[in-house]
2 protein chains.
Amino acid sequence: MAREKTSPRNKTSPGPTHKGGTRRRSPQIQKPKSRIQQANERKIIDAAIKQFSRHGFRGTTIDQIAHRAKLSKPNLLYYFKTKEALYAQSLNYVLDIWLSPLETLNPDDDPETALSNYIEKKMELSRKHPDASRMFAMEIIEGAKTVRSVLDTRLAALTKSKRRVLAKWSREGKLARIDGAHLLFAIWAVTQHYADFEAQVLSQTGKTLRDRQFFEEATDTIKRIIFHGVIR
Amino acid sequence: MAREKTSPRNKTSPGPTHKGGTRRRSPQIQKPKSRIQQANERKIIDAAIKQFSRHGFRGTTIDQIAHRAKLSKPNLLYYFKTKEALYAQSLNYVLDIWLSPLETLNPDDDPETALSNYIEKKMELSRKHPDASRMFAMEIIEGAKTVRSVLDTRLAALTKSKRRVLAKWSREGKLARIDGAHLLFAIWAVTQHYADFEAQVLSQTGKTLRDRQFFEEATDTIKRIIFHGVIR
DNA sequence: GTCTATAGTCCGATAGAC
DNA sequence: GTCTATCGGACTATAGAC
């Protein structure tokens, strides 16, 4: 509702999700992209993620992104026809980053190893890509209008499969008898908190995940809480 | 940076934090507020929280808030001189709600009772005031420009005092030997997740906290994870 | 206190030269 | 592909009647 009002014309295009385009023409209608083109698009998307993650869609101006990417505003719009399209493509990037750790949760490991690896991957993501994490968080808080379809399909399929793994471990007596969905939410929430609420964490502890020791301490404490609880 | 550009003049006023003004004049310079005035201000702030929580500062227009509160735009601006002032006052409201549960964490209870009560209070807050939770989350993600001073003073004092309680329980062998700051973060993250990431929770489970059974299940599972862990 | 009208600004998007 | 210039809509805030 806020978004439509921005633009006079209502382009419904989230743009083609096409990515990883190779140099030689693939058997599609799409034109191949030159090297400058790819480099510029990448620069723009990086700048866009930084800006969108701090100010949201409406709070960000094309000018700010262009300035960050060291391009002029019309030049940026040469690569991405509309602000909407740029937002959608940036979010696609973020989504790929966000989804990848979950795929590695291995059913053949024992639960402690598998969850330990998963928590570490999520924490590394919070450390290396806090902007991506924040942009994703904002999109969800704002109602997930743009990514809802991905959540309903790709993420839903992934969580369903991983919940089956967790349920199996439960039946085997290796894991507490709890609903896997809530366990996944808990892991997402706790690990992303250090990126999304960085300002608050910084205010209360004076540290961020860029502090190596703090990072280790946080990761270790999260594992201990989730694996063995705090009540003695 | 995004915010200043909105308004031509830069009013630095976050407005008086004065609140709970009684009918009769208090020994201050402030004028007393009439009944209509109070009712209208309350209506406006409620509407503002809903709108800001979904679209952020720039994504929200005064018109939208006015419409929600069933007032005209200039009439709203009669009560709050600028959009900035309205944002700051709404955030004050939200902060009071957000801070209250932590104050009740009772050092004289045993840890399980005290933390159980705290988690319940936080979850009830996520259920009853998801908008407030989301507005707070957005403000933090955007860098906490407006609330940083409160985080650094009021919240810091509160967490410091509560961390002492947690440390005492640790020394007494009632609680695992972990840093209380990370435990507090974990509880905040997990409980607020159901409000802030409602769209994602809904997508993956088909439910929200408004579903009574789901609420009970979520609260219970969170307690079990944090109290006793998931590895068996 | 509440309204209509409007001033003044910002920003997304395009035109068109190079 | 990249730039300068600019159009036109949307938004905050104020003026001023009632």
Side-chain angles (χ1 to χ4, degrees), chain A residues 1-15 31-44 47-48 51-52 54-90, chain B residues 1-15 31-44 47-48 51-52 54-90:
Chain A
M1 188 199 189
R3 205 156 302 155
E4 298 86 281
K5 288 210 168 175
T6 295
S7 179
R9 320 184 205 344
N10 251 343
K11 309 216 174 176
T12 351
S13 64
K31 270 173 289 178
K33 286 170 183 173
S34 79
R35 232 176 269 87
I36 345 162
Q37 212 162 22
Q38 288 204 347
N40 271 338
E41 286 186 7
R42 187 59 210 262
K43 259 200 328 189
I44 293 169
Q51 212 63 25
F52 282 135
R54 280 299 188 187
H55 309 293
F57 181 80
R58 289 275 307 272
T60 297
T61 69
I62 293 182
D63 231 4
Q64 290 165 356
I65 299 173
H67 190 257
R68 228 184 230 281
K70 285 167 185 155
L71 262 61
S72 70
K73 184 163 61 162
N75 197 8
L76 185 152
L77 284 164
Y78 168 80
Y79 289 102
F80 297 88
K81 300 313 157 218
T82 66
K83 190 184 177 186
E84 303 258 354
L86 175 54
Y87 180 81
Q89 292 229 19
S90 303
Chain B
M1 189 197 189
R3 206 154 304 156
E4 298 86 281
K5 287 206 170 179
T6 295
S7 177
R9 323 186 203 339
N10 251 345
K11 308 217 173 175
T12 352
S13 64
K31 269 173 290 177
K33 286 170 184 173
S34 79
R35 232 177 269 89
I36 347 163
Q37 210 160 21
Q38 286 205 349
N40 271 339
E41 285 186 8
R42 187 59 209 263
K43 261 200 323 188
I44 293 169
Q51 212 62 27
F52 283 135
R54 280 299 188 189
H55 310 293
F57 181 80
R58 287 276 305 274
T60 297
T61 69
I62 293 182
D63 230 5
Q64 290 166 356
I65 299 173
H67 189 257
R68 228 184 229 282
K70 285 167 186 154
L71 263 61
S72 70
K73 186 164 56 163
N75 197 7
L76 186 153
L77 285 164
Y78 168 80
Y79 289 101
F80 297 89
K81 300 312 158 218
T82 67
K83 191 183 176 185
E84 303 259 354
L86 175 54
Y87 181 81
Q89 292 230 18
S90 302

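Residue numbers begin at 1 in each chain, while the letters A, B, ... track the order of the sequences.
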Q | From OH (B/Tyr78) to CG (B/Leu71), nearest 0.5 Å | A |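 The OH atom of B/Tyr78 sits 11.5 Å away from the CG atom of B/Leu71.
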
Find the distance [X]:[atom1] to [N]:[atom2] and express it as a whole number of Å.
X: A/Gln64; N: C/dG12; atom1: CD; atom2: C1'; result: 13 Å
X: B/Glu84; N: D/dT12; atom1: CD; atom2: P; result: 11 Å
X: B/Ile36; N: C/dG1; atom1: CD1; atom2: P; result: 4 Å
X: B/Tyr78; N: C/dG1; atom1: OH; atom2: C1'; result: 6 Å
X: B/His55; N: D/dC11; atom1: NE2; atom2: P; result: 12 Å
X: B/Ile62; N: D/dA10; atom1: CD1; atom2: C1'; result: 13 Å
X: A/Phe80; N: D/dT2; atom1: CZ; atom2: P; result: 13 Å
X: A/Ile65; N: C/dC11; atom1: CD1; atom2: P; result: 12 Å

Nearest to the [X] side chain among [options], which nucleotide is it?
X: A/Lys73; options: C/dG1, D/dA13, C/dA13; result: C/dA13
X: A/Ser34; options: D/dG1, C/dT2, D/dT12; result: D/dG1
X: B/Lys83; options: D/dA13, C/dG1, C/dG12; result: D/dA13
X: B/Ser72; options: C/dT4, C/dA13, D/dG1; result: C/dT4

Q.
Base, sugar-phosphate or nothing for A/Leu77? Non-hydrogen atoms, less than 4.0 Å.
A.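 Since a base atom lies under 4.0 Å of A/Leu77, the category is base.
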
Q: Answer with base, sugar-phosphate or nothing: what part of the nucleic acid does B/Tyr79 contact at a heavy-atom distance below 4.0 Å?
A: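 B/Tyr79: backbone/sugar contact only, no base atoms under 4.0 Å.
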
Q. Given side chains that start at C-beta, do those of A/Thr61 and B/Arg58 come closer than 4.5 Å, heavy atoms only?
A.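 Yes; the side chains approach each other to less than 4.5 Å.
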
Q) A/Phe57 versus B/His55: any side-chain heavy-atom pair under 4.5 Å? A) no

Q: Show your reasoning for whether side chain to side chain contact (heavy atoms under 4.5 Å, CB included) applies to A/Ile62 and A/Leu86.
A: CA-CA 9 Å; A/Ile62 293 182; A/Leu86 175 54; 5.9 Å; no

(Q) Reading DNA chain C from 5' onward, which residue's closest nucleotide shows up sooner: A/Pro74 or B/Asn75? (A)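 Closest to the 5' end, via its nearest nucleotide, is B/Asn75.
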
**Q.** Closest-nucleotide 5' rank along DNA chain C - winner of B/Leu71 and A/Asp63
**A.** B/Leu71

Q: Just jot down the salt bridge (charged side-chain N to carboxylate O under 4.0 Å, His left out) partners of A/Arg42, sequence neighbours excluded, or say none.
A: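 A/Arg42 satisfies salt bridge (charged side-chain N to carboxylate O under 4.0 Å, His left out) with A/Asp46 only.
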
(Q) I want to check one thing: is the phosphate of D/dT12, taken as OP1 and OP2, less than 4.0 Å away from some side-chain N or O of B/Arg58? (A)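 So the side-chain polar atoms of B/Arg58 never come under 4.0 Å of the phosphate oxygens OP1 or OP2 of D/dT12.
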
